[in-house]
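Written below as structure tokens is the structure these notes are about.
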Amino acid sequence: MIFRECKVINICFHGIGKPERELQQDEAGYWIEPELYEETLDEVAHRTDVRISFDDGNRSDIEIGLPGLLRRGLTATFFALAGRLGQRGSLSATDLRELRRHGMTIGTHGMDHLPWRGLDDQQTNRELVEARLRLAEAAGTSITEAALPLGRYDRRVLGKLWALGYARVYSSDRIWTRADAWLQPRYSIHNSDSIGTVRSRCLATPSALRSAKVAAVGLYKRTR
């Protein structure tokens, strides 16, 4: 059955606390209170089947996100936006190196927080190649993982990422997955969540029916 093959849960944070920059459309819904962040970390601190990531490269990643992880001996992958590096409210190159110093992984979320589906060749190069190089230089390490902005993808996007040698790619499909899968679905924590919904929607074993439905949607995205 599908749920027996699901061994890893990916949870994703975006912003924590009060933003220090003007938010783009629909970003506000992904900014959560520090209390929910701390409660979620407490919930997963002793689970070996949970992976943690952060998108968008907000300053709260290092001001709130990192200390919370360190207090519990946890690690995470931070998917930064190359185009926002050093800007007000966003991570800097020094921040990326500080995250690395504490054992965190740095990945790419692209350059300008654009969905990668439907881009022309020049835009695709900027988002998948130039952003990766800029982040690698800033962080002082190679970048091998990518998170899909807004969770949008299709066969062309995945094919390009594969051809560029990305070792792992993260989506926003809300389902458990195999630990060794190349395309890793995630659950984003939303400001409408509580620790109760995190437990029931993200961390509880999904029903076979729900797993099948989400898997079918993912298959459509990968092949369209």
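Computation of the quantities below employed the complete heavy-atom set of this structure, encompassing side-chain atoms and omitting hydrogens, waters and symmetry-equivalent molecules. Here, residue 1 is the first one in the sequence, and each next residue gets the next number.
Annotation for Asp95 and Ser92: closest pair OD2-N, 2.9 Å, computed over non-hydrogen atoms. For the residue pair Leu183 and Ser171, the shortest heavy atom distance occurs at CD1-CB, 4.3 Å. Residues Leu161 and Ala146 share a closest heavy-atom pair of CD2-CB, 4.3 Å. Of all heavy-atom pairs spanning Ser188 and His14, the tightest one is OG-CE1, 3.2 Å. Looking at every heavy atom in both residues, Leu36 comes nearest to Ser194 through CD1-C, 3.7 Å. Summarising the geometry of Ile106 relative to Ile143, their closest heavy-atom pair is O-CD1, 3.5 Å, with the distance given to 0.1 Å.
Contact of the Glu145 side chain with the Val169 side chain is not registered, since no non-hydrogen atoms from C-beta on lie closer than 4.5 Å. Taking the side chain as every heavy atom from C-beta outward, Arg101 and Arg97 never approach each other to under 4.5 Å. Proximity of Gln123 to Met111: side-chain heavy atoms (C-beta onward) are nowhere separated by under 4.5 Å. Taking the side chain as every heavy atom from C-beta outward, Trp176 and Val8 never approach each other to under 4.5 Å. Looking at Asp193 and Ile32, their side chains never come closer than 4.5 Å, going by heavy atoms from C-beta outward. Glu127 is listed as a side-chain neighbour of Leu119, based on a closest heavy-atom distance under 4.5 Å. For the pair Met104 and Leu69, the minimum side-chain heavy-atom distance is below 4.5 Å.
Residue pairs meeting the side chain to side chain donor-acceptor pair (under 3.5 Å) criterion with at least one member in residues 63-81, sequence neighbours excluded, are Glu38-Arg71, Glu38-Arg72, Asp42-Arg72, Arg59-Glu63.
Between Asp180 and Arg178 a salt bridge is recorded (basic side-chain N to carboxylate O distance below 4.0 Å). The existence of a salt bridge linking Arg199 and Glu43 is confirmed by a sub-4.0 Å separation between a basic side-chain nitrogen and an acidic carboxylate oxygen. In summary, Glu137 and Arg134 do not engage in a salt bridge, as defined by a charged side-chain N under 4.0 Å from a carboxylate O. In summary, Arg21 and Glu27 engage in a salt bridge, as defined by a charged side-chain N under 4.0 Å from a carboxylate O. With respect to Asp112 and Arg84, no salt bridge is recorded, no charged nitrogen being found less than 4.0 Å from a carboxylate O.
Side chain of His190 to main chain of Ser192: a donor-acceptor pair is present (N/O by atom type, distance under 3.5 Å, no hydrogens or angles). In this structure, Arg100 contributes its side chain and Gly140 its backbone to a donor-acceptor pair below 3.5 Å. Side-chain atoms of Ser90 never come within 3.5 Å of backbone atoms of Gly86 as a donor-acceptor pair (strictly under, hydrogens ignored). Using modelled atom types, no side-chain atom of Arg51 and backbone atom of Gln184 make a donor-acceptor pair closer than 3.5 Å.
Hydrophobic cluster membership differs between Leu81 and Leu128, with clusters built from Ile, Leu, Val, Met, Phe, Trp and Tyr side chains linked at under 4.5 angstrom. Linking Ile, Leu, Val, Met, Phe, Trp and Tyr residues whenever their side-chain heavy atoms come within less than 4.5 Å leaves Tyr187 and Leu150 in two separate clusters. Following chains of ILVMFWY side-chain contacts shorter than 4.5 Å, one can reach Leu74 starting from Tyr37, so the two form part of one hydrophobic cluster. Each of Leu66 and Phe79 belongs to its own hydrophobic cluster when Ile, Leu, Val, Met, Phe, Trp and Tyr are linked at side-chain heavy-atom distances under 4.5 angstrom. One hydrophobic cluster, built from ILVMFWY side chains closer than 4.5 Å, cannot hold both Val44 and Tyr170; they sit in different ones.
Note that OG1 of Thr105 and CD1 of Ile52 are 12.0 Å apart. Values are rounded to the nearest 0.5 Å. Ile175 CD1 to Asn10 CG: the interatomic distance, rounded to the nearest 0.5 Å, is 11.5 Å. One distance of note links CD1 of Ile16 with CG of Asn191; it measures 13.0 Å at 0.5 Å rounding. Here the straight-line distance linking atom CD1 of Ile9 with atom SG of Cys202 works out to 8.5 Å at 0.5 Å rounding. Distance CD1/Ile195 to OG/Ser200: 10.0 Å, rounded to 0.5 Å.
With no hydrogens or angles considered, a side-chain donor-acceptor pair links Asp56 and His113 at under 3.5 Å. Judged by distance alone, the side chains of Asp121 and Thr124 never bring a donor and an acceptor atom under 3.5 Å apart.
In this structure, Arg47 places its CZ atom where more than 12 heavy-atom neighbours from other residues, nucleotides or ligands lie under 6.0 Å away. Surrounding OH of Tyr30 are at most 12 heavy atoms belonging to other residues, nucleotides or ligands under 6.0 Å away. For Gln122, the CD atom counts as loosely surrounded, since its 6.0 Å shell holds 12 or fewer non-hydrogen atoms of other residues, nucleotides or ligands.
The residue from Tyr166, Tyr153, Trp116 that alone fulfils the side-chain contact (heavy atoms from CB on, under 4.5 Å) condition with Leu158 is Tyr153.
Using a 30° and 60° split on the angle between ring planes, Trp182 and Trp162 fall in the perpendicular class, above 60°. Classified by interplanar angle (parallel below 30°, tilted 30° to 60°, perpendicular above 60°), the ring pair Phe13/Phe54 is tilted.
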task: For Asn58 and Trp31, run side-chain contact (heavy atoms from CB on, under 4.5 Å): C-alpha distance rounded to whole Å, both residues' side-chain angles, the deciding distance at 0.1 Å, then the answer.
output: CA-CA 10 Å; Asn58 292 303; Trp31 279 79; 3.5 Å; yes
task: Please test Arg186 against Asp173 for side-chain contact (heavy atoms from CB on, under 4.5 Å), starting from the C-alpha separation and ending with a verdict.
output: CA-CA 6 Å; Arg186 296 181 297 174; Asp173 300 319; over 6 Å; no
- request: Report the C-alpha separation of Leu133 and Glu130 in whole Å, then their side-chain angles, then the decisive distance to 0.1 Å, and conclude whether the side-chain contact (heavy atoms from CB on, under 4.5 Å) test is met.
  value: CA-CA 5 Å; Leu133 292 173; Glu130 293 178 17; 5.7 Å; no
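Not counting sequence neighbours, Arg132 has no partner by the side-chain hydrogen bond (donor to acceptor under 3.5 Å, both in side chains) test.
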